[in-house]
Amino acid sequence: MGKFQSKVKRNSSKYRADSHVEESAPVQTIQQYSRAHNDAVTYIAALKSDLCVSGGKDKAVVVSNWRTGAALKRFVGHEREVSKVACVFGSNRFFSASRDKTVLLWDLHCKAGSAQKFIGHHLIVTGLAVSPDCTKLVTGSRDNTLCKWDVETGQCLLKVAVSRNLVTHLCWVPGESYIVQTSEDKSTRVWDTRDLQVAHTFPLKQYIQMHCDVSEDGNYCVTSSNGFGGQGCEATLWDLRKTKDIVCEYKGHLQSTTSCIFLPKGMCDTSLVATTSHDCTVKVWERDTAGM
């Protein structure tokens, strides 16, 4: 009976008095935003408290005001789609990586194109990590290599190759000389950027590691996993301090967990982690308990 009733359209007007005048629902105003890109957006990062920078398949990098939705400035210089963007929050400079194997440095107030070009990889650049003082840059690629660059000169200072290390993401540990890197070989590595050597490798996961982020205090790292049908698809919290242990896992996505971030402190009383997935969901977790 319940299922049958749910399919029947009820005309409530025949139960009302003839003198009844139906009130119209208030009209909601929907804010319309202009498109920042002409094709799919591939990556986005926070530049300032009111600005974000995004890269797209249209080969462009766009700075937008997230409060108004307005695209403020469009930067074009890559020959193929932009794969990643990165910046130090509060800076006027930001970086973009591309399928054209290059990385470009942009200045928010510069009108003469890119400020620097970094050439050295042989395949798509898939990882960008910027030092807190914005003087050093580490890039990673599907060519199994990591490169350390001098931002001002564009010179490659160090280049290291690790077999099967198809880089998926890089992030800098705040206040340290270390970066965290995820890979298609299912591993998560911690690198010392001073000599660009592996300082620690976490235990292998069952599936490809897609993304990583580091907490503001530099104590924790979260990584996200490829998968399907609920197998894999988790995010993992690691302790970056002495123990280097798994703290907990965030399980609940049904398809690949494509990204993971620590949410800024102050949003609530507990520390939070957010994950996104190919299952069309975004989940927010309590960091230490994996509760939602």
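Bear in mind that the values here come from a model prediction, so they are computed numbers and not experimental data. The first residue of the sequence shown is numbered 1, and numbering continues consecutively from there.
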Let me see the working for S91 and R93 under side chain to side chain donor-acceptor pair (under 3.5 Å), right down to the final yes or no. CA-CA 5 Å; S91 172; R93 295 173 134 193; over 6 Å; no

Looking only at non-hydrogen atoms, find the nearest pair between N38 and D58 and report the distance. N-OD2, 2.8 Å

Does any N or O in the side chain of S141 come within less than 3.5 Å of the main-chain N or O of I124, such that one atom is a donor and the other an acceptor? yes

Taking N65's backbone N and O only, do any of them form a donor-acceptor pair with K48's side chain (distance below 3.5 Å, no angle check)? no

Using every non-hydrogen atom in the two residues, find where Y178 and A199 come nearest and quote the distance to one decimal. CE2-CB, 3.9 Å

Might you point out which heavy atoms bring R189 and V162 nearest each other, and give the distance in Å? NH2-CG1, 3.9 Å

Within 45° of the ring axis of Y220 and under 6.0 Å from its six-membered ring centre, is that where the NZ or CZ of R287 lies? yes

Tightest non-hydrogen contact, residues A129 and I179, listed as CB-CG2, 3.9 Å

Could you go through K205 and E249, starting from their C-alpha distance and side-chain angles, then the distance that decides it, and tell me whether this counts as salt bridge (Lys or Arg N to Asp or Glu O under 4.0 Å)? CA-CA 11 Å; K205 299 289 290 183; E249 291 183 323; 2.4 Å; yes

With a 3.5 Å cut-off and no angle check, do the side chains of S96 and H78 form a donor-acceptor pair? yes

T42 side chain to G55 main-chain N or O, any donor-acceptor pair under 3.5 Å? yes

With a 3.5 Å distance limit and no angle check, can you tell me whether D279 reaches the backbone of L254 through a side-chain donor-acceptor pair? yes

To the nearest 0.5 angstrom, please state how far the OG atom of S54 sits from the CD1 atom of I44. 5.5 Å

Starting at OG1 of T145, measure out to NZ of K159 and round the result to the nearest 0.5 Å. 4.5 Å

Charged N to carboxylate O under 4.0 angstrom, R194 versus D192? yes

Checking T126 against H169 for the side chain to side chain donor-acceptor pair (under 3.5 Å) test, could you report, in this order, the C-alpha distance in whole Å, the side-chain angles of both residues, the deciding distance, and whether it holds? CA-CA 6 Å; T126 48; H169 195 68; over 6 Å; no

Should we count NZ of K59 as having more than 12 external heavy atoms under 6.0 Å? no

Could you measure the distance from the OG1 atom of T102 to the CZ atom of R80? Nearest 0.5 Å is fine. 11.0 Å

Using 30° and 60° as the class limits, which term best fits the ring planes of W285 and H253: parallel, tilted or perpendicular? perpendicular

Could you tell me whether the side chain of L157 reaches within less than 4.5 Å of the side chain of Q155, counting heavy atoms only? yes

Qualifying residue, where the test is side-chain contact (heavy atoms from CB on, under 4.5 Å) with L170 and the options are L137, L128, T182, L146: L146

Kindly assign one of parallel, tilted or perpendicular to the pair W149 and F118, based on the angle between their ring planes and the thresholds 30° and 60°. perpendicular

Residues in side-chain hydrogen bond (donor to acceptor under 3.5 Å, both in side chains) contact with N144, at least two apart in sequence or another chain: none

Determine whether V82 and V61 satisfy the following criterion, side-chain contact (heavy atoms from CB on, under 4.5 Å), listing intermediate values before the conclusion. CA-CA 8 Å; V82 176; V61 179; 4.1 Å; yes

To the closest 0.5 Å, what do you measure between OG (S183) and CG (L166)? 6.0 Å

Using modelled atom types only, decide if a donor and an acceptor are shared between the side chain of S64 and the backbone of W66 within a distance under 3.5 Å. no

For residues F94 and V63, determine if any side-chain heavy atom of one lies less than 4.5 Å from a side-chain heavy atom of the other. yes

Under 4.5 Å between side-chain heavy atoms, hopping through other hydrophobics if needed: is there a path connecting I246 to F202? yes

Would you find a donor on one side and an acceptor on the other, under 3.5 Å apart, between the side chain of R74 and the backbone of A36? yes

Main chain of Q255, side chain of S277: is a donor-acceptor contact present, judged purely on distance under 3.5 Å? yes

Contact summary for V180 and T188, nearest pair of heavy atoms: CG1-CG2, 3.7 Å

Dump the intermediate steps for side-chain contact (heavy atoms from CB on, under 4.5 Å) on L240 and V214, then the final yes or no. CA-CA 9 Å; L240 285 175; V214 178; 3.9 Å; yes

hydrophobic_cluster_shared for V190 and V160, side chain cutoff 4.5 Å: no

How about W191 and V138: do any of their side-chain heavy atoms sit closer than 4.5 Å? no

Indicate, with yes or no, if W106 and L51 share a hydrophobic cluster defined by side-chain heavy-atom contacts under 4.5 Å among Ile, Leu, Val, Met, Phe, Trp and Tyr. yes

Out of curiosity, C221 SG to D213 CG, how far, rounded to the nearest 0.5 Å? 7.5 Å

S177 versus T193, closest heavy-atom pair with distance: O-OG1, 2.6 Å

Run the salt-bridge test on R142 and E184 with the 4.0 Å N-O cut-off and return the result as yes or no. yes

Do W172 and V167 belong together in a cluster built from hydrophobic side chains that touch within less than 4.5 Å? yes

Decide side-chain contact (heavy atoms from CB on, under 4.5 Å) for D288 and E286; before the verdict, give the C-alpha distance in whole Å, the side-chain angles of both, and the deciding distance to 0.1 Å. CA-CA 6 Å; D288 299 328; E286 290 187 359; over 6 Å; no

Is any side-chain heavy atom of Y250 less than 4.5 Å from a side-chain heavy atom of V222? yes

Answer yes or no: are there more than 12 heavy-atom neighbours, outside K117 itself, under 6.0 Å from its atom NZ? no

Quickly, which of T257, T276, I261 forms a side-chain contact (heavy atoms from CB on, under 4.5 Å) with S224? Name it, please. T257

Please assess H109 against N92 for the test side-chain contact (heavy atoms from CB on, under 4.5 Å), listing each intermediate value before the final yes or no. CA-CA 7 Å; H109 303 301; N92 290 322; 3.7 Å; yes

Output yes when a side-chain donor or acceptor of S83 lies under 3.5 Å from a complementary backbone atom of V125, and no otherwise. yes

With a 3.5 Å cut-off and no angle check, do the side chains of H278 and T258 form a donor-acceptor pair? no

Flag the pair H121 / T139 as yes when at least one side-chain heavy-atom distance between them is below 4.5 Å, and no otherwise. yes

Should we count CZ of R241 as having more than 12 external heavy atoms under 6.0 Å? yes

Find the distance between NZ (K148) and SG (C156) and round it off to the nearest 0.5 Å. 10.5 Å

Looking only at the side chains, is there a donor atom on one of N226 and Q209 sitting less than 3.5 Å from an acceptor on the other? no

Using a 6.0 Å cut-off, check whether atom CD of Q197 has over 12 heavy atoms from anything other than its own residue. yes

Does K136 offer a backbone N or O that forms a donor-acceptor pair with the side chain of S131 under 3.5 Å? yes

Check this for me: does any side-chain nitrogen of one of E234 and K251 sit under 4.0 Å from a carboxylate oxygen of the other? no

Do D150 and T135 come close enough that some side-chain heavy atom pair is under 4.5 Å? no

Counting only heavy atoms not in K57, do more than 12 sit closer than 6.0 Å to its NZ atom? no

Can you check whether V103 reaches L105 side chain to side chain, under 4.5 Å on heavy atoms? no

Side chains of K84 and S98, heavy atoms from C-beta outward: is any pair under 4.5 Å? no

